[in-house]
Amino acid sequence: MSFKSSLVKLAIKITPNFLVRWIANFILKGIAEMSEFNFDIDARTAYVQATLYGETEPIDVWVHDFGIVTDEESHYLTIHEAQSNKPWLNNLLSRIAGKTWKIPAIPQFQDEIKLVSEVLEIENTEREEN
């Protein structure tokens with residue numbers, strides 16, 4: 001792991017959840033309001049609770065065991081488990097969870113994709129490519 005990716009991982013770990021919520025709510029103003037956020041990069045878990053603009057009931061999303069696998073040519077995102085408190089969202093998440101998705105190679109973002117891949121790297125395993 002490079003120094004840069006170690007630094008990014010440390011920044012993720014020490015960033016307070018309230019700060020992430022504040023920034024997300026600033027960006028999503030008029031679209032949604034994030035009320036809860038938790039991201040554990042070591043455990044590979046994430047939780048978000050947000051209420052869409054005009055709605056009264058929040059949406060909860062849990063993601064477990066995610067990461068990026070890299071081979072000599074490409075990067076692949078894997079989300080092993082994801083669930084929600086909304087049936088329609090569970091149906092959508094079931095279509096992406098448990099699969100590996102190739103991350104498109106975009107020349108302008110090659111350095112950023114490489115950095116994120118290092119930060120979220122997992123052991124190389126068999127892939128079901130989509």
Side-chain angles (χ1 to χ4, degrees):
M1 182 177 293
S2 71
F3 175 73
K4 194 186 280 188
S5 62
S6 296
L7 194 59
V8 169
K9 242 183 175 175
L10 178 63
I12 290 169
K13 289 179 184 181
I14 65 172
T15 301
N17 289 338
F18 79 86
L19 182 59
V20 174
R21 286 192 315 267
W22 183 79
I23 292 170
N25 288 332
F26 179 79
I27 293 169
L28 296 173
K29 187 175 181 142
I31 300 169
E33 182 177 345
M34 183 185 296
S35 51
E36 295 290 329
F37 175 82
N38 189 10
F39 183 81
D40 186 333
I41 195 161
D42 293 325
R44 307 277 177 166
T45 61
Y47 168 71
V48 174
Q49 182 181 71
T51 304
L52 298 176
Y53 181 74
E55 298 292 324
T56 57
E57 205 174 310
I59 296 173
D60 297 309
V61 177
W62 297 267
V63 180
H64 304 279
D65 195 17
F66 57 87
I68 295 178
V69 176
T70 302
D71 63 21
E72 57 278 346
E73 298 175 7
S74 303
H75 305 284
Y76 302 86
L77 173 65
T78 301
I79 299 173
H80 287 254
E81 186 182 345
Q83 61 188 21
S84 173
N85 65 332
K86 302 292 184 183
W88 65 268
L89 191 50
N90 272 335
N91 290 339
L92 178 64
L93 293 171
S94 72
R95 294 176 185 216
I96 63 170
K99 296 186 174 132
T100 300
W101 302 84
K102 185 174 181 180
I103 299 171
I106 304 171
Q108 309 90 293
F109 298 111
Q110 180 178 351
D111 293 337
E112 291 83 358
I113 291 171
K114 182 180 177 192
L115 178 61
V116 170
S117 296
E118 281 185 45
V119 171
L120 296 177
E121 184 178 24
I122 57 176
E123 291 298 315
N124 202 352
T125 59
E126 279 189 38
R127 291 188 284 282
E128 179 187 327
E129 195 174 326
N130 294 301

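Small disclaimer: the values here were computed from a predicted structure and weren't measured.
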Practice prompt. Test Asp42 against Lys13 for side chain to side chain contact (heavy atoms under 4.5 Å, CB included), laying out the working first.
Written response: CA-CA 9 Å; Asp42 293 325; Lys13 289 179 184 181; 3.1 Å; yes
Worksheet item: Can you name the closest pair of heavy atoms from Asp40 and Ala43 and give their distance?
Response: OD1-N, 3.0 Å
Worksheet entry | Separation of Arg44 CZ from Asp65 CG (nearest 0.5 Å) | 8.0 Å
Practice prompt. Using atom types as modelled and distance alone, determine if a side-chain donor or acceptor of Asn85 lies under 3.5 Å from a backbone N or O of Pro58.
Written response: yes
Worksheet item: Heavy-atom count around Lys86 NZ within 6.0 Å, excluding the residue itself: above 12?
Response: yes
Discussion item. Please find the pair of heavy atoms, one from Ala97 and one from Ala82, that lie closest to each other, and give the distance.
Written reply: CB-N, 4.0 Å
Discussion item. Quick one about Asn25 and Glu33 (side-chain donor to acceptor, distance below 3.5 Å, no hydrogens or angles considered), yes or no?
Written reply: no
Practice prompt. Over all heavy atoms of both residues, which pair between Arg21 and Ser35 is shortest? Give the atoms and the distance, please.
Written response: CD-O, 3.3 Å
Practice prompt. Name all residues meeting the salt bridge (Lys or Arg N to Asp or Glu O under 4.0 Å) criterion together with Asp111; count only those two or more places apart in sequence or in a different chain, and write none if there are none.
Written response: none
Worksheet entry | For Glu73 against Asp71, the heavy-atom pair lying closest together | N-OD1, 2.9 Å
Worksheet item: Is Trp88 linked to Tyr53 within one hydrophobic cluster, defined over Ile, Leu, Val, Met, Phe, Trp and Tyr using a side-chain heavy-atom separation of less than 4.5 Å?
Response: no
Discussion item. If hydrophobic clusters are built by linking Ile, Leu, Val, Met, Phe, Trp and Tyr wherever their side-chain heavy atoms come under 4.5 Å apart, do Tyr47 and Leu93 end up in the same one?
Written reply: no
Practice prompt. Kindly check if the number of other-residue, nucleotide or ligand heavy atoms within 6.0 Å of CD (Glu112) is above 12?
Written response: yes
Worksheet item: If you look at every heavy atom in Glu118 and Ser2, which pair is closest and at what distance?
Response: OE1-OG, 2.8 Å
Worksheet, complete the sentence: Shortest non-hydrogen pair, Ile68 vs Ser117, comes out as CG2-OG, 3.6 Å
Worksheet item: Which residue pairs pass the ring pair (Phe, Tyr, Trp, His ring centres under 6.0 Å) test with at least one member in residues 19-39, sequence neighbours excluded?
Response: Phe39-Phe66
Discussion item. Does Glu57, at its CD atom, have more than 12 non-hydrogen atoms belonging to other residues, nucleotides or ligands within less than 6.0 Å?
Written reply: no
Worksheet item: Could you give the distance from NZ (Lys114) to NZ (Lys4), rounded to the nearest 0.5 Å?
Response: 9.0 Å
Practice prompt. Enter the distance from Ile122:CD1 to Thr100:OG1 here, rounded to the nearest 0.5 Å.
Written response: 7.0 Å
Practice prompt. Supply the atom-to-atom distance Gln49 CD to Asn38 CG, rounded to the nearest 0.5 angstrom.
Written response: 12.0 Å
Practice prompt. List in chain and number order the residues that pass salt bridge (Lys or Arg N to Asp or Glu O under 4.0 Å) with Lys9, two or more places apart in sequence or in another chain; answer none if no residue qualifies.
Written response: none
Fill in: Cluster overlap Ile12 with Val20, hydrophobic side-chain contacts below 4.5 Å
yes
Worksheet item: His75 and Thr70: side-chain donor and acceptor closer than 3.5 Å?
Response: yes
Worksheet entry | Separation between CD1 of Ile103 and CG of Leu77, rounded to the nearest 0.5 Å | 5.5 Å
Worksheet item: Should Leu92 and Val61 be regarded as members of a common hydrophobic cluster, given that ILVMFWY residues are connected when their side-chain heavy atoms come within less than 4.5 Å of each other, either directly or indirectly?
Response: yes
Worksheet item: So if you build clusters from Ile, Leu, Val, Met, Phe, Trp, Tyr with side-chain heavy-atom gaps below 4.5 Å, do Ile96 and Val48 land together?
Response: yes
Worksheet entry | Spatial distance of atom CD1 (Ile79) from atom NE2 (His64) [nearest 0.5 Å] | 11.5 Å
